[in-house]
Number of protein chains: 2
Amino acid sequence: MRADAKKNYDHILDIARGVIAGHGSDASMRDIARRAEVGLATLLRHFPTRETLFEALLCTNLDALTQKSAELEVSNAPGDALATWVADWVAFAGSYKGVVDMMAAAHTNPGSALYASCAAVHSASGRLLARAQAAGAAREDMNGDDLFALMTALGWAIDQPSFAPRADHLVRLITSAVLGETVGK
Amino acid sequence: MRADAKKNYDHILDIARGVIAGHGSDASMRDIARRAEVGLATLLRHFPTRETLFEALLCTNLDALTQKSAELEVSNAPGDALATWVADWVAFAGSYKGVVDMMAAAHTNPGSALYASCAAVHSASGRLLARAQAAGAAREDMNGDDLFALMTALGWAIDQPSFAPRADHLVRLITSAVLGETVGK
DNA sequence: ACCTGAACACCGTTCAAGT
DNA sequence: ACCTGAACACCGTTCAAGT
């Protein structure tokens, strides 16, 4: 990439971050281009898809997340590791409004720029769950797909303004369910 | 309403049902008008908001749902009643793609045509949960808001193509978590 | 190489004009 | 009363033309 193009790219990404932080994942591409003082066509050549833009925007966070999963797989006690993983995912999911919807959609089609990241989160979840199950620290009647679905659903829920106030509690509920903890009745 | 208007209204609703069944909750209003062979402005006078259209489209289902909750509150064993209620909600949530997103959004603003229905589902959930808790058939560490959030998140999840195959299992997982059932580990 | 204006086909909103 | 075409301000896509 030429130096001037690189500078343009970085500038656009910087502005996009701000706009998306404000308006969420369905922010107008035109609006982003406008605020970056760049033609819409230019924005779309750097990021042909909304997903491409998000991939660039999230790659730091996503790398940190998957690296964290690798650490958790070896360091912590299996049950704690799983609980921490869910909490980390939720923190990531809160990075931008609508990110979870996007990930859930990307999860379906391999053509998406976010597909690989989704698959990574999915499989990391599967490994951490299996490890916890082997240690008797998680309920047996679920698999990696189920965990990923629950984590995504949880991320979606706390993204909703009406459910956000109970976010911490909802995370605790799901986590305790996954760990198969005995609860007071 | 005049007879010709009534006929128009019913026809539009009929066509809308088909289009939304095919394209989900974010079907184009213009497309609905076009297929109903009616001006877009006519459609929008009958249903000024997308929510208004959905309210009309869903009112039968929603009435059945809330009536069912009233029956469950007195007839079934508290735990079974709660489990059945969750299952009924999930069935409703599957009526049209995207309905849950809409309900979750409507839940926040009292101006929405779907607000009352959301509130009804919310409060019915609270009553059925409280009844189950009083009978020692549900976990104590959650309230009606939490249950509604979990039910909605569950509805959202099974609406996603990638999670749909595990729908039944996901319902079972959430239900067993809410009931505080002891699980094999 | 890199950028961009402009045309395109969409969307929902609004309203003056028609029956 | 009820309907509707048309103008409006948006959206993302595409591409020929400019530096």
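Numbers restart at 1 for each chain; the letters A, B, ... are given by sequence-line order, proteins then strands. Since this is a predicted model, take the numbers as computed values, not measurements.
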| said: Can you confirm whether more than 12 heavy atoms, excluding those of Gln67(B), are under 6.0 Å from its CD atom? | reply: no
| query | Does a sphere of radius 6.0 Å around CG in Asp63(A) hold more than 12 heavy atoms from other residues, nucleotides or ligands, not counting ones at 6.0 Å or beyond? | reply | yes
| request: List in numerical order all residues of residues 98-110 of chain A for which some heavy atom is under 4.0 Å away from an atom belonging to DNA chain D. | output: none
| task | Any chance you could measure Ser123(A), atom OG, to Phe148(A), atom CZ, to the nearest 0.5 Å? | result | 9.5 Å
| Short N-O contact, Arg131(B) and Glu73(B), less than 4.0 angstrom | no
| task | Could you tell me whether the side chain of Glu51(A) and the main chain of Ala106(A) form a donor-acceptor pair under 3.5 Å? | result | no
Between the protein and nucleotides 17-19 of chain D, list the N/O to N/O atom pairs that are separated by less than 3.5 angstrom.
none

| request: Taking only the side-chain nitrogens and oxygens of Arg50(B), find out if one of them lies under 4.0 Å from OP1 or OP2 of dG12(C). | output: yes
| Counting just side-chain N and O atoms, does Asn8(B) come under 4.0 Å of either OP1 or OP2 of dC3(D)? | yes
| query | Can you tell which of dC3(C), dT4(D), dG12(C) lies closest to the side chain of Thr42(B)? | reply | dT4(D)
| side-chain contact (heavy atoms from CB on, under 4.5 Å) partner of Leu154(A), chosen from Thr175(A), Asp159(A), Val86(A) | Val86(A)
| said: In whole Å, I'd like the distance from the CG atom of Leu44(A) to the C1' atom of dC2(C). | reply: 15 Å
| Using the ring of each side chain (for Trp, its six-membered ring), is Trp156(B) parallel, tilted or perpendicular to Trp156(A), with breaks at 30° and 60°? | parallel
| remark: Between NZ of Lys6(B) and C1' of dA1(D) the distance, given in whole Å, is 17 Å
| remark: Between the NE2 atom in His23(A) and the CG atom in Asp31(A), the distance rounded to the nearest 0.5 Å is 5.5 Å
| message | Measuring from atom CG of Leu129(A) to atom CG of Leu150(A), what distance do you get when rounded to the nearest 0.5 angstrom? | response | 10.0 Å
| Single-linkage hydrophobic cluster, 4.5 Å side-chain cutoff, Tyr115(A) and Val100(A) together | no
| query | To the nearest 0.5 Å, how far apart are CE in Met102(B) and CZ in Arg50(B)? | reply | 5.5 Å
| Who passes side chain to side chain donor-acceptor pair (under 3.5 Å) against Asn8(A), sequence neighbours left out? | none
| note | Numerically ordered, the residues 11-34 of chain B set in heavy-atom contact under 4.0 Å with DNA chain D is none
| Whole-Å distance between dG12(D) C1' and Arg45(A) CZ? | 16 Å
| note | Testing dC3(C), dT14(C), dT4(C) for proximity to the side chain of His46(A), the answer is dC3(C)
| remark: Leu40(B) atom CG is separated from dT13(C) atom P, nearest whole Å, by 9 Å
| dC2(D) P sits how many Å from Lys7(B) NZ, rounded? | 15 Å
| query | Sequence neighbours excluded, which residues qualify as side chain to side chain donor-acceptor pair (under 3.5 Å) partners of Asp10(B)? | reply | Lys6(B)
| note | Result for side-chain contact (heavy atoms from CB on, under 4.5 Å) between Ser95(A) and one of Ile20(A), Leu57(A), Leu58(A) points to Leu58(A)
| query | Can you tell me how far C1' of dT14(D) sits from CZ of Phe47(A), to the nearest Å? | reply | 19 Å
| note | Stems of at least 3 consecutive Watson-Crick or G-U wobble pairs (donor-acceptor distances under 3.5 Å) involving DNA chain C, listed by first number, are C:4-8 with D:12-16, C:12-16 with D:4-8
